[in-house]
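Presented below is the structure to which this report refers.
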Number of protein chains: 2
Amino acid sequence: MRDVNDPSHASIPPSGIPPGAGSTAADTSFLESLVGYNARRAALAIIAQVLPELQPYDLRVVEFSVLTVVAHNPGITSRQVCAALDILPPNLVGLLRKLEQRGLIHKRAHPSDRRAQGLYVTDAGAQVQRAAQHAVAAVEQRALPHLSAAERATLIALLRRVYQGSGAGTTR
Amino acid sequence: MRDVNDPSHASIPPSGIPPGAGSTAADTSFLESLVGYNARRAALAIIAQVLPELQPYDLRVVEFSVLTVVAHNPGITSRQVCAALDILPPNLVGLLRKLEQRGLIHKRAHPSDRRAQGLYVTDAGAQVQRAAQHAVAAVEQRALPHLSAAERATLIALLRRVYQGSGAGTTR
DNA sequence: TATTGTTATACTCTATAACTATA
DNA sequence: TATAGTTATAGAGTATAACAATA
């Protein structure tokens, strides 16, 4: 394999790339043949666009996910949130505390299990969640301008088969 | 919306889930309608299966990616690796140092730019990379048993359009 | 004996500022 | 003035062990 930066082989064809040592594009063909690599790159690219949309609500992606699950599942327990979002219990504690201190969620005694607590959104929490959900849905549309609705549906269906087929959630 | 854990509405139909407070499945329908959410879950599920395959070679996922790019692009510079894999330069330094100390890669003076250094795999590095690449390719096959070759190709093509269409690599 | 929620803690990953040598 | 490589450091994100209260 030839050195990518050896000038003795340069400019066939002449690529209109600016000067500097790091100019030519690297070969990543093997990595690009992997579903895992492409899924990770795609996820990071979308999340990078979602982040600034959630900033006005002072929510990170995980916090939005937790708030959304609680809003859509009133009375859900911590363990159920952990199972749904693949979050470890110790890491959820701080998230819930922060959301509760902001007055977005609150806890009530569980009707049948005195160890557990039911989680609920407050009125303010429901408002914030609705607005943030609209913003997230809108930015996904904008982030994927080249995908038709059918292609998006196909993509999502294939991705779900990837992580539902394998043992998702077993390793943490 | 009804409380998910309110026993007064329980068991219609009776779900065969074991006892405890966190038993019923939570509604995550909105999150599951997002490409970003599904891509992240899929990526994490696959990476969780790739990790143990790389353990015999004492490589983490990022380290394998760097080693692979260097192996396939002899003489590549640090900045080019950063651009190809969307890694920040300060975070690459430690990765390269570790790979160099293990004798898997080495640096040589860049032919035309005295600021830069060309990266190369050693013979040992090339051996490790080849073996690890085979292991990774094999585990991807095993991790996606329900996807045909055509479906895998479709999935990869759609994912690439997601992160190549948006401004991938611009935010970091 | 198992589960819920929790604390404490450690380790990895990612991000920013600032410096030097060179272009 | 800009770029390549580097240091130091800060902040997210993720992981395990262990505990009290309750099932």
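As a basis for the values below, the full set of heavy atoms in this structure was taken, side chains included, without hydrogen atoms, waters or symmetry mates. By convention in this document, chain letters (A, B, ...) are assigned in the order of the sequence lines, proteins followed by strands, and residues within each chain are numbered from 1. Please read all numbers here as calculations on a predicted model, not as lab measurements.
- The nucleotide whose nearest atom lies closest to any side-chain atom of A/Leu88 is, among C/dT6, C/dT4, D/dA15, D/dA15.
- B/Leu99 has its CG atom 15 Å from the P atom of D/dG5, to the nearest Å.
- The side-chain heavy atoms of B/Val50 and A/Tyr37, taken from C-beta on, include no pair separated by under 4.5 Å.
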Donor-acceptor pairs are to be reported for all side-chain atoms of residues 99-107 of chain A against protein atoms at under 3.5 Å, with residues two or more places apart or in another chain.
{"unit_1": "A/Arg102", "atom_1": "NH1", "unit_2": "A/Asp58", "atom_2": "O", "d": "2.7"}
{"unit_1": "A/Arg102", "atom_1": "NH2", "unit_2": "A/Tyr57", "atom_2": "O", "d": "2.8"}

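- Rounded to a whole Å, the CD1 atom of B/Ile76 is 12 Å from the P atom of D/dA4.
- Taking atom CD1 of residue A/Ile87 and atom P of nucleotide D/dT14, one finds them 8 Å apart after rounding to whole Å.
- Taking 4.0 angstrom as the limit, A/Gln117 places a side-chain polar atom (N or O) nearer than this to OP1 or OP2 of C/dT6.
- In this structure, A/Leu44 places its CG atom 7 Å from P of C/dT14, rounding to the nearest Å.
- Annotation: ring-ring contact (aromatic ring centres under 6.0 Å, His included) contacts involving residues 59-82 of chain B, sequence neighbours excluded, are absent.
- The side chain of A/Ser78 has C/dT6 as its nearest neighbour among C/dT7, C/dT6, D/dG5.
- Map A/Arg40 and A/Gly118 each onto its nearest nucleotide of DNA chain C; the residue landing nearer the 5' end is A/Gly118.
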Anything under 3.5 Å between a protein N or O and an N or O of nucleotides 18-21 of chain D, put it in a table, one pair a line.
none

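- Protein atom CZ of B/Phe64 is 20 Å distant from nucleotide atom C1' of C/dT12, rounded to whole Å.
- Applying the side-chain hydrogen bond (donor to acceptor under 3.5 Å, both in side chains) rule to pairs touching residues 116-129 of chain A yields A/Thr68-A/Gln129, A/Tyr120-B/Asp3, A/Gln129-A/Gln133, sequence neighbours excluded.
- Across the protein-nucleic acid pair, B/Arg79 atom CZ and D/dT3 atom C1' stand 7 Å apart, rounded to whole Å.
- Between A/Leu67 and A/Leu59, the shortest heavy-atom contact is CD2-CD1, 4.1 Å.
- In terms of phosphate contacts, A/Arg114 brings a side-chain nitrogen or oxygen within less than 4.0 Å of OP1 or OP2 of D/dA23.
- A donor N or O paired with an acceptor N or O is found under 3.5 Å between the base of D/dA15 and the side-chain atoms of A/Asn91.
- Legend: residues meeting side-chain hydrogen bond (donor to acceptor under 3.5 Å, both in side chains) with B/Arg160, ordered by chain and number and at least two apart, are A/Glu32.
- Summarising the geometry, the separation between CG on B/Leu96 and P on D/dA4 is reported as 15 Å, rounded to the nearest angstrom.
- The shortest distance between the side-chain N/O atoms of A/Arg97 and the OP1/OP2 oxygens of C/dT7 is below 4.0 Å.
- Rounded to an integer number of Å, the gap from A/Ile47 CD1 to C/dT14 C1' is 13 Å.
- One finds a side-chain N or O of B/Lys107 lying less than 4.0 angstrom from the OP1 or OP2 phosphate oxygen of D/dT6.
- Applying the salt bridge (Lys or Arg N to Asp or Glu O under 4.0 Å) criterion to B/Glu63, with sequence neighbours excluded, gives B/Arg60, B/Lys98.
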